[in-house]
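Report on the following structure.
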Amino acid sequence: VTELPIAPNQTRPDDVLVLGAGLAGLTVGWELAAAGCRVRILDREAPGQATSRVAAGMLAPVTEAEPDDPQQLALGRAALARWPGYAAELEAASGIVVPLRRRPTLAVARDRDEAEALERFAGIRERLGLPVERLLPSAARTLEPALAPTLRGALAVPDEQAVDPRVVVRALAVAAGDAGARIATGPGSAVEELLHDGTRVTGARTADGLELRSEAVVIAAGSWSGRVPGLPGRDRLPVRPVKGQLLVLRDPQGPGMVERVLRFGAGYLVPRDDGRYVLGATTEERGFDHATTAWAVHDLLRDGAELVPGLLELELRETLAGLRPATPDGHPAIGPSPGLAGLWWATGHYRNGVLLAPLTGTLLADRMLGRPTDEALQAIVDPARPALTPTPEDARA
Ligand SMILES: Cc1cc2nc3c(=O)[nH]c(=O)nc-3n(C[C@H](O)[C@H](O)[C@H](O)COP(=O)(O)OP(=O)(O)OC[C@H]3O[C@@H](n4cnc5c(N)ncnc54)[C@H](O)[C@@H]3O)c2cc1C
């Protein structure tokens, strides 16, 4: 065992070092600090500046779930059930209002192919016992008058919500800090090496040269989680980046043009409370490239305006790209590493990192602190499941 010097600002090892201050790292840091652990959260950027600030913020377990993946649906529905209480707790802890948009999602069809796909979607959800309501185009346009008259059909999906992830990040950073977590961000806090003695983690070394000792390390580094320097090959979780581009539009007249989350084909439009609209998103396997491209702006606006022609009148405020952290089976990894002792994961949230934020903190803290927990959900997110065994290429990456 190598004895490492304790960093000048550390009088004794931390209980937990959390790598990453995105939604995953912050929710874990808050939960553990509130439970009395000495927590330090490290990020090379300001909180939430990687993928979490890009998210559209849909809390959409039904419209996001693959029909052949009941585990994803179970996880998503459990997370959604936690959201109203979580938002209230977060507001109370941070003093920042975290508004939830609670109107049903409208899934709409622009042509015959999409109408058939919508009918298949409705049939599958009904067989699963999930509520959906078929709407005539006229009824959909009564609800959302900005929809194009050419609309072919619509479904109302109740029980889905939306939240602004940037507000959640801000509130989580305040709540975690107030609960006692120390959050160190910026280039000097980039983790340059995970420290371990071959059998258990001992801490991390940062770019500013600090060797921070800790009893446990939680890797919540999003798409970079499998590549934290110093992680032994056998512990490299196979997390890959899946690029998504989206646009933020703004109505200078304020909110109200569209009130509900609209889903269409592979796209969506998510209204915010202040007159902004998020129009997304692409799904691209392009490694760590996160450039925004002209074709994405073109395609997103073309598809969105076919559905809501008024979008073309809005201000284009942001073009964004983010890297969704994806695992081979699409479920997150939340729990202990099967390799190094003291190493924990909170990553792989793919398209659902906002939705799953409340559950991520609870499930990980339950395991770390030995609290009673939901074993069925723990099995879905277990980092030791066979789908997450690193391949030889993962181990070398
Ligand atoms: C276009 C798009 C739309 C989305 N829409 C939704 C949605 O509507 N609903 C939903 O639920 N989810 C959505 N998501 C998914 C969601 O954004 C992610 O699942 C979530 O943000 C992942 O959070 P994270 O904390 O794991 O990762 P991140 O936010 O990427 O945080 C990881 C952090 O780790 C830090 N880091 C990495 N390596 C190091 C290192 N070596 N040292 C120090 N720090 C390090 C990074 O700087 C980063 O801040 C969307 C994603 C995209 C791209």
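The first residue in the sequence is number 1, and the count goes up from there. All ligand and atom numbering here is 1-based and tracks the order in the structure.
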Open item on the list: Check for me whether G48 has a heavy atom closer than 4.0 Å to any atom of ligand 1.
Closed with: no
TODO: Identify the heavy atoms of A175 and S94 that sit nearest to each other, and give their distance.
DONE: N-CB, 4.2 Å
Task: Ion pair check, D274 and R272, cut-off under 4.0 Å - done: no
Open item on the list: Under 3.5 Å, is there a donor on one side chain and an acceptor on the other for Q245 and T319?
Closed with: no
TODO: Mark up the atoms of ligand 1 that fall under 4.0 Å of a heavy atom belonging to H349, in ascending order.
DONE: 19 (O)
Open item on the list: Can you name the atoms of ligand 1, numbered from 1 with element, that are less than 4.0 Å from a heavy atom of G322?
Closed with: 53 (C)
Task: Contacting atoms of ligand 1, where contact means under 4.0 angstrom from a heavy atom of M58 - done: 7 (C), 8 (O), 9 (N), 10 (C), 11 (O)
Task: N or O pair under 3.5 Å between G20 and ligand 1 - done: no
- [ ] State whether D164 and R101 are salt-bridged, where the test is any N-O pair (Lys NZ or Arg NE/NH1/NH2 against Asp/Glu carboxylate O) under 4.0 Å.
- [x] no
- [ ] State plainly whether the residues R182 and D14 are in salt-bridge range, i.e. N to O under 4.0 Å.
- [x] yes
TODO: Please verify whether a non-hydrogen atom of L246 lies at under 4.0 Å from ligand 1.
DONE: yes
Open item on the list: Need the ligand 1 atom indices (1-based, order shown) with element for anything under 4.0 Å from a heavy-atom of G244.
Closed with: 1 (C)
TODO: For ligand 1, find out whether one of its N or O atoms is nearer than 3.5 Å to an N or O atom of S189.
DONE: no
Task: D299 with R302: basic N within carboxylate O range, under 4.0 Å - done: yes
Task: Sidechain N-carboxylate O distance under 4.0 Å for R240, E285 - done: yes
Task: Nitrogen or oxygen atoms of P229 and ligand 1 under 3.5 Å apart - done: no
Open item on the list: Nearest non-hydrogen contact with atom 53 (C) of ligand 1 belongs to which option: H290, R324, E193, E192?
Closed with: R324
- [ ] Spell out, yes or no, whether L26 and V168 are grouped together once hydrophobic residues are joined by side-chain heavy atoms under 4.5 Å, including indirect joins.
- [x] yes
Task: Minimum-distance protein heavy atom relative to atom 3 (C) of ligand 1 - done: Y268 OH, 3.4 Å
Task: ligand 1 N/O within reach of Y350 N/O, cut-off under 3.5 Å - done: yes
TODO: Decide, yes or no, whether a salt bridge links R263 with E64 under the criterion of side-chain N to carboxylate O below 4.0 Å.
DONE: yes
Task: Sidechain N-carboxylate O distance under 4.0 Å for E375, R367 - done: yes
Task: R44 NZ/CZ over W224 ring centroid, <6.0 Å and within 45° of normal - done: yes
- [ ] Can you pull out the closest protein heavy atom to atom 17 (O) of ligand 1? Residue, atom name and distance to 0.1 Å, please.
- [x] A55 CB, 3.3 Å
Open item on the list: Counting only heavy atoms, tell me which of T27, T206, D43 gets closest to atom 48 (C) of ligand 1.
Closed with: D43
Task: Which residue and heavy atom of the protein sit nearest atom 13 (C) of ligand 1, plus the separation - done: R351 O, 3.1 Å
Task: Shortest protein contact, atom 31 (O) of ligand 1 (heavy atom only) - done: G22 CA, 3.5 Å
Task: Exercise: identify the closest heavy-atom pair between G153 and P137 - done: N-CG, 4.0 Å
Open item on the list: List ligand 1 atoms under 4.0 Å from N352, heavy atoms only on the residue side.
Closed with: 10 (C), 11 (O), 12 (N)
Open item on the list: Using side-chain heavy atoms (C-beta onward) and a distance below 4.5 Å, is R260 in contact with T105?
Closed with: no
Open item on the list: Checking a contact table here: which protein heavy atom is nearest atom 43 (C) of ligand 1, and how many Å away?
Closed with: R44 N, 3.4 Å
TODO: Check whether any N or O atom of A56, backbone or side chain, sits under 3.5 Å from an N or O atom of ligand 1, and answer yes or no.
DONE: yes
- [ ] With the side chain counted from C-beta on, respond yes when V191 and R205 share a heavy-atom pair under 4.5 Å apart, and no when they do not.
- [x] no
TODO: Report the member of A46, A21, S52, G353 with the shortest heavy-atom distance to atom 23 (O) of ligand 1.
DONE: S52
Task: Closest to atom 26 (O) of ligand 1 among G222, A281, A326, A184 (heavy-atom distance) - done: G222
Open item on the list: If we set the cut-off at 4.0 Å for heavy atoms, which region of V354 has an atom near ligand 1: side chain, backbone, both, or neither?
Closed with: both
Open item on the list: With heavy-atom distances below 4.0 Å as the criterion, list the atoms of ligand 1 near A24.
Closed with: 25 (O), 26 (O)
TODO: Salt-bridge test for R152 and E119: reply yes if a basic N is under 4.0 Å from a carboxylate O, no otherwise.
DONE: no
Open item on the list: Under 4.0 Å, counting heavy atoms only: does G57 come that close to any atom of ligand 1?
Closed with: yes
Task: Salt bridge flag under 4.0 Å for residues E45 and R53 - done: no
TODO: Pull out every atom of ligand 1 sitting under 4.0 Å from any heavy atom of E45, numbered as shown with elements.
DONE: 47 (O)
- [ ] Could you tell me whether ligand 1 has any atom less than 4.0 Å away from a heavy atom of L23?
- [x] yes
Task: Interatomic spacing from CG in L143 to CD in E259 - rounded to 0.5 Å - done: 11.0 Å
TODO: Report the part of A220 (side chain from C-beta onward, or backbone N, CA, C, O) that has a heavy atom under 4.0 Å from ligand 1; answer both or neither where that applies.
DONE: backbone
Task: Protein residue, atom and distance nearest to atom 41 (N) of ligand 1, heavy-atom basis - done: V191 O, 3.2 Å
Open item on the list: Counting neighbours of CZ on R134 that are heavy atoms of other residues, nucleotides or ligands and sit closer than 6.0 Å, is the number greater than 12?
Closed with: yes
Task: Atoms in ligand 1 flagged as close to W224, the criterion being non-hydrogen separation under 4.0 Å - done: 30 (O), 37 (C), 38 (N)
Open item on the list: Just to be sure I read this right, does ligand 1 sit under 4.0 Å from the backbone of Q49, its side chain, both, or neither, counting only heavy atoms?
Closed with: neither
- [ ] Please confirm whether L355 comes within less than 3.5 Å of ligand 1 when only nitrogen or oxygen atoms on both sides are compared.
- [x] yes
Open item on the list: Considering both backbone and side-chain atoms of A190, is one of its nitrogen or oxygen atoms within less than 3.5 Å of a nitrogen or oxygen in ligand 1?
Closed with: no
